[in-house]
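Data block below; observations after.
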Protein chains: 2
Amino acid sequence: MAATDTSVDWADHALARLASDGYRSSAPRAEIIEVLAGLGCSVSAREITAELQRRGSTTGSASVYRTLELLERLKLVQRVVVSEGLARYEPALPGGDHHHHVVCDRCGKVSAFEDEALEAAINRLSLRLDFAIDAHDVTLRGECPGCRRAD
Amino acid sequence: MAATDTSVDWADHALARLASDGYRSSAPRAEIIEVLAGLGCSVSAREITAELQRRGSTTGSASVYRTLELLERLKLVQRVVVSEGLARYEPALPGGDHHHHVVCDRCGKVSAFEDEALEAAINRLSLRLDFAIDAHDVTLRGECPGCRRAD
DNA sequence: GTGAATGCAAACTCTTTGCATGACT
DNA sequence: AGTCATGCAAAGAGTTTGCATTCAC
């Protein structure tokens, strides 16, 4: 699929932002940004690297990771949690409590919460999607009380 | 922290379920379940393995992974996605669209959706939590239209 | 010319798998 | 006794890091 108008906008925006923030404009960065814009939503570093190789680029995977880290720091890309990855588990009783998690960006502390309105919104939402939804994860991120006080 | 009543209940329940499903009752499994019950919510395989070693157990990490897989299959533990792990990225424009993802359990297809009611619920929820929330991820899982038809 | 950014390769972390040994039923 | 489950160790996937080289400024 060709890049959409929005993705072109984003690529330009990202390149401009890098320049205005004093980062050097290199071919690898431009290529990574272009691929990111073209592939759209929810792309892994691995997929970007593969796409670069397919295009005959000599950009290495280390640069992909470094550039993603930079783009994330500048909030030019958002890191999303889709599934897989570092798995965490918790005991589950049949019909037991249903809760989600808040993770502290600073210290990594994980707390649990429950919210009926949230569940209701997800249930209603599930009805209007084409997918047959059978599970959901919600993760909030921010600063925990301890780290807030330490500011 | 000592095991709570609930976690003891869960450990017993899990052991009973394994037995009733014909799985052998082994020391490693019992230890893993005990650790899982004690550590509570959101534990990684790595943390379980570390705790086992700390306790002087000879249980290897392969058994931890195999037991977690088994427990997940029996729905005795729930796999939760907290963050980290396989990172996926997407272009982000400042003030750009805000959306979440539905992942097909069968084919891995990722689709995006937006839902105002969901966002509203999360915003309201954020206000009553002690954390200073600055981001959130919502991931739904189920079967995509294509895979549903293929049933 | 100088320092930032790159590519390569090695190191690391987490997870999975093969296989011989050991333990539950 | 039979076979399920284990531990070990090796292999695999994804990511990070050190270092010499290259390239943008």
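To find a chain, count down the sequence lines: A is the first, B the second, and so on, and within it residues start at 1.
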Hey, is B/Asp115 close enough to A/Arg128 for a salt bridge, meaning N to O under 4.0 Å? yes
Between A/Thr59 and C/dG7, does any side-chain N or O lie under 4.0 Å from OP1 or OP2? yes
I'd like to check the side chain to side chain contact (heavy atoms under 4.5 Å, CB included) partners of B/Glu51; sequence neighbours left out, ordered by chain and number. B/Val35, B/Leu39, B/Arg54, B/Arg55
Going by number, which of residues 46-56 of chain A have a non-hydrogen atom under 4.0 Å from DNA chain D? A/Arg46
Protein-nucleotide distance (B/Tyr65, atom OH; D/dC8, atom C1'), rounded to Å: 15 Å
Please report the distance, rounded to the nearest Å, between CG in B/Leu18 and C1' in D/dA5. 12 Å
Using a 4.0 Å heavy-atom cut-off, write out nucleotides 18-25 of chain C from 5' to 3' as B (base contacted by protein), S (sugar-phosphate only) or - (no contact). B----BBS
Please round to 10 degrees the angle between the axis of the first five pairs and the axis of the last five pairs in the helix from C/dG1-D/dC25 to C/dT25-D/dA1. 30°
Ignoring hydrogens and angles, state whether a donor on the side chain of A/His98 or A/His136 is under 3.5 Å from an acceptor on the partner side chain. yes
Can you pull the ring-ring contact (aromatic ring centres under 6.0 Å, His included) pairs that have at least one residue in residues 12-39 of chain B, sequence neighbours excluded? none
I'd like to know whether CZ of B/Arg73 has more than 12 heavy-atom contacts from other residues, nucleotides or ligands below 6.0 angstrom. yes
Could you pull out all donor-acceptor pairs under 3.5 Å where a side-chain atom in residues 120-127 of chain A meets a protein atom, sequence neighbours excluded?
residue: A/Asn123; atom: ND2; partner: A/Glu119; partner atom: O; Å: 3.4
residue: A/Ser126; atom: OG; partner: A/Ile122; partner atom: O; Å: 2.8

